[in-house]
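A quick write-up on the structure given underneath.
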2 protein chains.
Amino acid sequence: MPLEMSPASTEHWLEVLEAQGYRLTAPRRVVVEVIAQTDRALSPLAVFDIARIRYPQLGLTTVYRTLEKLEALGLVQLVHQANGCHTYIAAPAGHQHLLICEYCGRTLFFGGDDLGSLIDQIERESGYRVHEHLLQLTGTCPGCHTD
Amino acid sequence: MPLEMSPASTEHWLEVLEAQGYRLTAPRRVVVEVIAQTDRALSPLAVFDIARIRYPQLGLTTVYRTLEKLEALGLVQLVHQANGCHTYIAAPAGHQHLLICEYCGRTLFFGGDDLGSLIDQIERESGYRVHEHLLQLTGTCPGCHTD
DNA sequence: CATGTATTGAAAATGATTATCACTATCACA
DNA sequence: TGTGATAGTGATAATCATTTTCAATACATG
């Protein structure tokens, strides 16, 4: 099973945004750079704080709007937090399962193939059709556990 | 793999609350009854609206507080919604994975044993220690898909 | 019954997210 | 290179779920 870190794909993302007809504005570039260049899930406010260092006139509203677009395009993935707030992380295509370090926030992705047989079995037994699944693992990364 | 619906275990829940030193007050009884007697995940506001039919002087604050206690005791389980809000559903002990109908909200539980080998593998490959996992499947139940 | 404590619920506060809206930047085309 | 239509921006206000505050009440125990 391949384990991946989030990629630093600023240029690719900008191309995708452009191909969708979105304009490549300075605020969008800054937001894209911030979220593309970390392997941690960031809250909109965290993105805002980091991005404002480089682009002080940035508005929090624009951060929310840009993250929303990136998520709709599958470039960025939403991470569900226990408190109900959302954070976002750069997403490698087709990989939607997360392994999150509860101390430092470093996040790995892993493929969902292994869930296939489990889901097939559940569909047979329940009669449900499964359309979506949310799988997030939380624990400690090698740098954050001591034993 | 056993599939279970949420149990109607009002009496058991009240015993657990009492054993914890909590008082069995009228507002708590009503909240417990409402959440124990449905197999759908309910928002605190939904619980409030239903419970008020029987107990009009109930406060929404008490609903939040009671659900919080029930969740801490493992009697009720939190369901993560896409919009970031939370709903709650009666939880059979030791079963924490959910299969939710996106139309009617009817929810089944299934065991997490099948995840064990996947998690073992991920721990070996990543070096992480996995402490918690969130798995929610969403789809349509037999009554809600037509084909 | 008296007393200390848990509980309640109305109201206010909080905090994340979303909507509004006047202003600005960008792009296609003349 | 203008220029106008339109997408985008960001300050501000609004919204909405949740939490806190606090005075009043209910309960348990001596």
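Chain A is the first sequence line, chain B the second, and so forth, proteins listed ahead of strands; every chain is numbered from 1. Worth knowing before you read on, the calculation uses all heavy atoms, side chains too, and leaves out hydrogens, waters and symmetry mates.
- Along DNA chain D, the nucleotide nearest to A:Lys69 and the one nearest to A:Phe48 differ in position, and the one closer to the 5' end is contacted by A:Lys69.
- Panel note: side chain A:Glu132, backbone B:Gly139; no donor-acceptor pair is recorded below 3.5 Å.
- Nearer the 5' end of DNA chain C, as judged by each residue's closest nucleotide, is the contact made by B:Thr25, out of A:Thr61 and B:Thr25.
- With D:dT18, C:dT17, C:dG9 as the candidates, the nucleotide lying closest to the side chain of A:His86 is C:dT17.
- Using cut-offs of 30° and 60° on the angle between ring planes, the pair A:His80 and B:His80 is perpendicular.
- A straight line from OH of A:Tyr55 to P of C:dA25 spans 8 Å, rounded to a whole angstrom.
- D:dC27 atom C1' lies 13 Å from atom CD of B:Glu18, rounded to whole Å.
- If you take OH of B:Tyr64 and C1' of C:dA11, they are 16 Å apart, rounded to a whole angstrom.
- Put simply, CG on B:Leu60 is 10 Å from P on D:dA17, counting in whole angstrom units.
- Each of B:Leu73, B:Ile35, B:Val31 was scored for a side chain to side chain contact (heavy atoms under 4.5 Å, CB included) with B:Trp13, with one residue passing: B:Ile35.
- Remark: C1' of C:dA6 and CD of B:Glu68 are 15 Å apart, rounded to the nearest angstrom.
- Residue A:Arg28 places none of its side-chain N or O atoms closer than 4.0 Å to OP1 or OP2 of D:dA7.
- For the pair B:Arg65 CZ and D:dT20 C1', the interatomic distance rounds to 9 Å; values are reported in whole Å.
- Donor-acceptor pairing under 3.5 Å, judged by distance alone, is present between the side chain of A:Arg23 and the base of C:dT26.
- Atom CG of A:Leu67 is separated from atom P of D:dT9 by 12 Å (rounded to the nearest Å).
- Closest heavy-atom contact between B:Leu58 and B:Phe48: O-CE1, 3.2 Å.
- In this structure, of C:dA16, D:dT18, C:dT7, it is C:dT7 that holds the atom nearest to the side chain of B:Tyr22.
- B:Leu58 comes within 4.0 angstrom of sugar-phosphate atoms only, judged by non-hydrogen atoms across all strands, and of no base.
- Side chains of B:Glu102 and A:His131: a donor on one and an acceptor on the other come within 3.5 Å.
- Whole-Å rounding puts the B:Leu24 CG to C:dA6 P distance at 16 Å.
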